[in-house]
*Asks:* 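Structure below; questions to follow.
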Amino acid sequence: MKINVLFASFEALPFYKTGGLADVVGALPQFLDHRYFTTKIVLPFLRPIREKVGQNVRKRAHLYVRNGILNEEADVYSLKEGKTEVFFIADQLYLDRDSAYGYGDDAARFAFFCAAVREMMVEMDYYPDILHTHDYHTAPLAALCQYSPLERLRRIKHIFTIHNLSFQGSYDKTVLFELLDLPAEDYANGKLRYNDSCNFLKLGVICADAVTTVSDSYAKEICTPQQGEGMDMILRWRQEDLYGIRNGIDTSFFDPSSSELPCPYDRKTYKKAKPFNKLSLQKELGLKKDASALLCAAVTRLSGQKGIDLILGGAERMLKKGAQLAVLGSGESRYEYALRLLEREYPGQVSFTCAYDEALAHRIYAGADLYLMPSLYEPCGLSQMIAMRYGTLPFVRETGGLKDTVEPFNEYTLSGTGFSFGPYDQRDFDRVFDYAWDQYTWHPENWEKLIENAMAYEVSFREPARQYAALYRKVLKS
Ligand code: ADP
């Protein structure tokens, strides 16, 4: 008998993406071994998804979603994506929006989606063995199933994955009773309470059969008061059921040999192709065409988490040495503003594209030399792995998944896949940047060795999928 796994998330590739969460939920169901697993995904039918899939979906069910004060009808549509069936929950009031997050009624929207997924399982008589939820938006599903009077819902096992502990969904306590319809006595006794409020992430942590996060180091870090974001005590309490499974990337989506690049390449042909992609990228971004300039890049959300302050702090030094900087991303306006100023101050040397652009991201990964990711914290990070796949050396801070996936260069053994530094400190950033610069400028043979090591590093989902499969089996036996 195959094991049925349902993934519930607010984003997944190829339908809708704001960050790494979408890469993971899109790829993991495809990478599980379908001789033993049947995988399905459920997503909200957001407007961009509706526009993308058009008429390709099939209507599967009509739902009456009633939970607490929620009282709304919804439809379930589906389509087949690779080896996975994808369900979409569509309604007028909560999910028919331009983006997944950032609305005043987010608590109601997330609660509605969770209640609708539960209703979908009942209405379609589809009860997965495992319900795998991702981040706080879908975290209440474990509680909604466990507190249900229906035994078939209560029998479902739950895995809850934390992709980023900083986002928790902390709301007024009334959300717990009015929107989730969870019992007041378990609020009073503390089980469902978090600092006199309702916290969606806590619901996932305490109600799931196992909690995972996206790297080993981050699993340890979030159990400490320094990096536990106020949740460390609860996570320590669940430490026996807390697993770190690093993310992978979809290697067919992020593929340097794909024809979308000006000059596709692989490990055998990168030497000729990368300079060509670099010159083409410099032209596209208005940078000075110079194959020898060290082209540093970042494709990122512009948030404090991503170490943008260190990049900005080190920029002048990098640029004065003759390096170039290309940044693609959007986010906090202070960073957008600072990058615009830098671009104006260093024409031909700095390029800032304030957008979300997947195709350009691929050309940047292919054309750059050094990928800057000096994050303050990083649950796993996909960008450094994507960069390695494209032979662009990651320059990272040793935290979370960055520490687990980037091996710093050792010039004696010629091992390593990139450059890294420890403390979140400008001097350490600058020192290691100088070292990377020296390797690039004076030791091109070392740089080549690093590129070869990086491109050979296993970044696919094969190993993580194997670990998730083992965990699903373990949880089903418990
Ligand atoms: P996070 O999920 O914290 O944002 P990750 O490194 O785990 O960071 O994943 C980020 C993903 O989003 C990568 O695939 C990266 O290439 C992509 N990405 C981020 N910003 C942009 C952008 N502006 N345009 C295109 N892709 C982007």
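Atoms within a ligand are numbered from 1 in the order they appear, just like the ligands themselves. Since the structure is predicted, the reported quantities are computational estimates derived from the model, not experimental observations. Only heavy atoms go into these numbers, but all of them, side chains included; no hydrogens, no water, no symmetry mates.
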*Asks:* Judging by distance only, is a nitrogen or oxygen of Ser330 under 3.5 angstrom from one on ligand 1?
*Replies:* no
*Asks:* Determine the minimum heavy-atom distance between Ala210 and Val475, stating which atoms define it.
*Replies:* CB-CG2, 3.9 Å
*Asks:* Using a plain distance cutoff, I'd like to know if Ser383 has any nitrogen or oxygen under 3.5 Å from a nitrogen or oxygen of ligand 1.
*Replies:* yes
*Asks:* If the plane angle is over 60° it's perpendicular, under 30° parallel, otherwise tilted; pick one for His137 and Phe110.
*Replies:* perpendicular
*Asks:* Gln324 side chain to Lys288 main-chain N or O, any donor-acceptor pair under 3.5 Å?
*Replies:* yes
*Asks:* Are any of the N/O atoms in Leu382 less than 3.5 Å from those in ligand 1?
*Replies:* yes
*Asks:* Is it true that Arg97 and Asp105 have a side-chain N and a carboxylate O under 4.0 angstrom from each other?
*Replies:* yes
*Asks:* Measure the spacing between CZ of Phe200 and OG1 of Thr138 and express it to the nearest 0.5 Å.
*Replies:* 10.5 Å
*Asks:* Using a 4.0 Å heavy-atom cut-off, say whether Asn247 meets ligand 1 through its side chain, its backbone, both or neither.
*Replies:* neither
*Asks:* Ala355: heavy atom below 4.0 Å from ligand 1, yes or no?
*Replies:* yes
*Asks:* Relative to ligand 1, is Asp357 under 4.0 angstrom through side chain, backbone, both or neither, heavy atoms considered?
*Replies:* backbone
*Asks:* Which residue and atom name correspond to the protein heavy atom nearest atom 12 (O) of ligand 1, and how close is it?
*Replies:* Lys17 CE, 3.5 Å
*Asks:* Which of these, Leu302, Val299, Thr353, has its nearest heavy atom closest to atom 18 (N) of ligand 1?
*Replies:* Val299
*Asks:* Checking contacts here: is it the side chain or the backbone of Phe253 that comes within 4.0 Å of ligand 1, counting heavy atoms only? Could be both or neither.
*Replies:* neither
*Asks:* Suppose we screen for ring-ring contact (aromatic ring centres under 6.0 Å, His included). Which residues come up paired with Phe113, at least two apart in sequence or across chains?
*Replies:* Phe10
*Asks:* Under 4.0 Å, counting heavy atoms only: does Met373 come that close to any atom of ligand 1?
*Replies:* yes
*Asks:* Does the distance from a Lys or Arg side-chain N to an Asp or Glu carboxylate O, for Asp434 and Lys321, drop under 4.0 Å?
*Replies:* yes
*Asks:* Using a 4.0 Å heavy-atom cut-off, say whether Ala361 meets ligand 1 through its side chain, its backbone, both or neither.
*Replies:* side chain
*Asks:* Is a salt bridge present between Arg427 and Asp425, judged by a nitrogen-to-oxygen distance below 4.0 Å?
*Replies:* yes
*Asks:* Tell me the protein heavy atom at minimum distance from atom 16 (O) of ligand 1, and give that distance in Å.
*Replies:* Tyr365 OH, 2.7 Å
*Asks:* Do any nitrogen or oxygen atoms of Arg301 lie less than 3.5 angstrom from nitrogen or oxygen atoms of ligand 1?
*Replies:* yes
*Asks:* Identify the closest protein heavy atom to atom 2 (O) of ligand 1: which residue and atom is it, and at what distance?
*Replies:* Gly20 N, 2.7 Å
